[in-house]
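Report on the structure given below.
First listed ligand is number 1; within each ligand, the first listed atom is number 1.
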Amino acid sequence: MKISQAILPVAGLGTRFMPWTKAVPKEMLPLGNQPIIAHLVHECLDVGITDICFVISKGKESIPAYFTIEPALEEELKKRGKFHLVEELMRYDSVNFHTVYQDEQHGDGHAILQAADWVGDGTIAILFGDDLFTGPQSALQQMIRAYEKLTEDERGAIVALEKIPPEDTLRYGIVEVESEHPSSSNLKKIKGLVEKPEPQFAPSDLGIVGRYLIPRSVIDVLPEVETGHGGEIRLIDALTKQLNSIPIYGYECTGKRIDTGHPEGYAKAVSIFSVEE
Ligand code: UTP
């Protein structure tokens, strides 16, 4: 079954980039000749996703605006003979973009919940903007390949995994692995999830990073998830709730992940992407 929908929750306040983020969403910071958010959208388009929903907050309208078709601008550029620019702008013409608002920041799960009415019955990709992956195959591509190797009965959710050093377990959801899938040692059946454990309580060294493939049922249980620390609804809690109802796998992605959500990580991404583009 083809995965055609993706949700990109980008409604966060971006406190680690303040005061910059008072005026410009961190997702609009440039990497190479494109904003960070365009790298995520391209990751979606490269795997054939055709429908993308941004979850934004007030003041972040520049994110959907970047992808909006502007026929008058395209005409003007054509008149001026700037056909390469027209081609660049037309790149998004066949994508169906949709935007919803998260009025208050009550967590990543709460952000996804705002897109519930837009979501269909198929599997949905979720991409969190802070995590970017470099390498020959994007994280999403690797996960979709893994998903396609699963039988119908095995298809539930897949989360992206990365090896996390013990000193960082407090920042990640850490998985408890049941078994490896015969198709690939990178694909692991998950039997438990622990949010941000102390290293001694981490059930493995594999942490969840910013890509997910989830069925509609995970979104449906989000309202039932108890609000955790700071009154947040977390996607990981919805997955935990689904552990006994659907198969949940983790895919240990290859390639380098960069966390662009803080200034040092962003600086690293700038150095990598300016060389690559
Ligand atoms: P973060 O936890 O990094 O929060 O969110 P943030 O606001 O982006 O940045 P800091 O921590 O204040 O510096 C991870 C991802 O989840 C989204 C964010 O936009 C980011 O892509 N998110 C988080 C929401 O969309 N809504 C929320 O309520 C929380």
_I need the full list of salt bridge (charged side-chain N to carboxylate O under 4.0 Å, His left out) pairs touching residues 198-218, with sequence neighbours left out, sorted by first then second residue._
E43-R211, R216-D220
*Kindly give the cluster partners of L85, where membership spreads through any ILVMFWY side chain lying under 4.5 Å from a current member.*
L73, L77, V86, L89, M90
*Examine I219 and I208 and state if one hydrophobic cluster contains both, with Ile, Leu, Val, Met, Phe, Trp and Tyr joined whenever side-chain heavy atoms are less than 4.5 Å apart.*
yes
_Derivation and outcome, salt bridge (Lys or Arg N to Asp or Glu O under 4.0 Å), residues E27 and K60_ = CA-CA 9 Å; E27 295 81 4; K60 294 186 108 174; 3.1 Å; yes
_Residues in the immediate environment of ligand 1 (any heavy atom closer than 4.0 angstrom)_ = P9, V10, A11, G12, L13, G14, T15, R16, K26, E27, Q102, Q105, H106, G107, D108, A111, F128, G129, D130
*Quick one: which residue pairs count as a ring pair (Phe, Tyr, Trp, His ring centres under 6.0 Å) with a foot in residues 156-205, not counting sequence neighbours?*
H181-Y249
*Could E76 and R80 be called an ion pair, given the rule that one side-chain N must be under 4.0 Å from one carboxylate O?*
yes
